[in-house]
Participant: 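Sending over a structure as C-alpha cells; questions will come in a sec.
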Amino acid sequence: MRCSMIVMNYWLVKQEPEAYAWKDFLREGKTAWTGVRNYQARNALRQMQKDDLVLFYHSVSEKSIVGIAKVLREAYPDPTAKTGDWSCVDLKPVKPFSHPVTLSQIKETPSLASIPLIRQSRLSVMALTRKEFTLILSLGKTHLP
DNA sequence: GCCAACGTTGGC
DNA sequence: GCCAACGTTGGC
C-alpha cells in the first residue's frame, strides 16, 4: 500500500484584539490577513499552504493564544498595499482554545522559550514546528476537531 | 555603505 | 506611560 505523506506547516499570527479580535474573525467566518509590512512576516505568509494550521495570538492587552485557524487561500497580492510588493492570505477559524495559552505560560515552558514570539517579539507572522504547535495545543487543553 | 535619527511594536 | 528592540530613512 502506498501512503501519501502530507507535509503540514504550522504558523502563528499576531493581532491586537482592539484592532481585530478572534470574535470578529468568528463572526466573519474568514478574513484576509492584510496589512503585513515586514519582509520576514511577508515571507512567512508566502510560505503558507492551503490547510496549514495557524495559531491566533492576541497581543498587547491579552497576550494569549486564543484560537486555531487554517489557511483558506494561499498568498496573493495584498489589496491594501498601495505601494510595494506585499502579500496576504485568507484565513478561516477552526476552533477557539478552551484555555487560552498565555505568554507567561509559553515563557515558562522550556521547549517553547525560544520560539520567535519570545525571541523576536515584534514579528507578526512566524513559523512553528509541529512539536511546538502540539505542545501549545496541550497547554491550552485543546484538541483539533 | 555607514550610521544617526526617527517611527513602530509590544512587553512590562 | 515607558522604554527596549528593531526596521526604515536619509544625510554624508
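Numbered from 1 within each chain, the chains take letters A, B, ... in sequence-line order.
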Participant: Verify whether the ring centers belonging to A:Phe56 and A:Trp33 lie closer than 6.0 Å.
Facilitator: yes
Participant: Mind checking which nucleotides bracket the chain A contacts on DNA chain B, 5' to 3', with an atom under 4.0 Å from a heavy atom?
Facilitator: B:dG7 to B:dC12
Participant: Below 4.0 angstrom, which residues in residues 117-125 of chain A have at least one non-hydrogen atom near DNA chain C?
Facilitator: A:Arg122
Participant: Do A:Trp86 and A:Tyr39 have ring centres separated by under 6.0 Å?
Facilitator: yes
Participant: What are the residues of residues 35-43 of chain A, sorted by number, that bring a heavy atom to within less than 4.0 Å of DNA chain C?
Facilitator: A:Asn38, A:Tyr39
Participant: For a quick check of understanding: with a heavy-atom distance under 4.0 Å over all strands, which category does A:Lys14 fall into, base, sugar-phosphate or nothing?
Facilitator: sugar-phosphate
Participant: Looking at A:Lys141, is its backbone amide N or carbonyl O close enough to the side chain of A:Ser98 to form a donor-acceptor pair, meaning the two atoms are under 3.5 Å apart?
Facilitator: yes
Participant: Pair up each side-chain donor or acceptor in residues 120-128 of chain A with any protein partner under 3.5 Å, not counting sequence neighbours, and list the distances.
Facilitator:
from: A:Gln120; atom 1: OE1; to: A:Gln40; atom 2: NE2; distance (Å): 3.4
from: A:Gln120; atom 1: NE2; to: A:Gln40; atom 2: OE1; distance (Å): 2.8

Participant: Atom CD1 of A:Ile136 and atom OG1 of A:Thr142: how far apart are they, to the nearest 0.5 Å?
Facilitator: 11.5 Å
Participant: Identify all side-chain donor-acceptor contacts of residues 62-74 of chain A below 3.5 Å with residues at least two apart in sequence or on another chain.
Facilitator:
from: A:Glu62; atom 1: OE1; to: A:His58; atom 2: ND1; distance (Å): 2.9
from: A:Ser64; atom 1: OG; to: A:Glu62; atom 2: O; distance (Å): 3.0
from: A:Glu74; atom 1: OE2; to: A:Lys50; atom 2: N; distance (Å): 2.8

Participant: State which residues pass salt bridge (charged side-chain N to carboxylate O under 4.0 Å, His left out) with A:Arg46; sequence neighbours excluded, sorted by chain then number.
Facilitator: A:Asp85
Participant: Can A:Phe97 and A:Leu139 be said to form a side-chain contact (heavy atoms from CB on, under 4.5 Å), step by step?
Facilitator: CA-CA 10 Å; A:Phe97 272 66; A:Leu139 286 177; over 6 Å; no
Participant: Counting C-beta onward and ignoring hydrogens, is there a side-chain heavy-atom pair between A:Ser87 and A:Val89 closer than 4.5 Å?
Facilitator: no
Participant: Are A:Arg37 and A:Asp78 packed together at the side-chain level, in the sense that at least one heavy-atom pair is separated by less than 4.5 angstrom?
Facilitator: yes
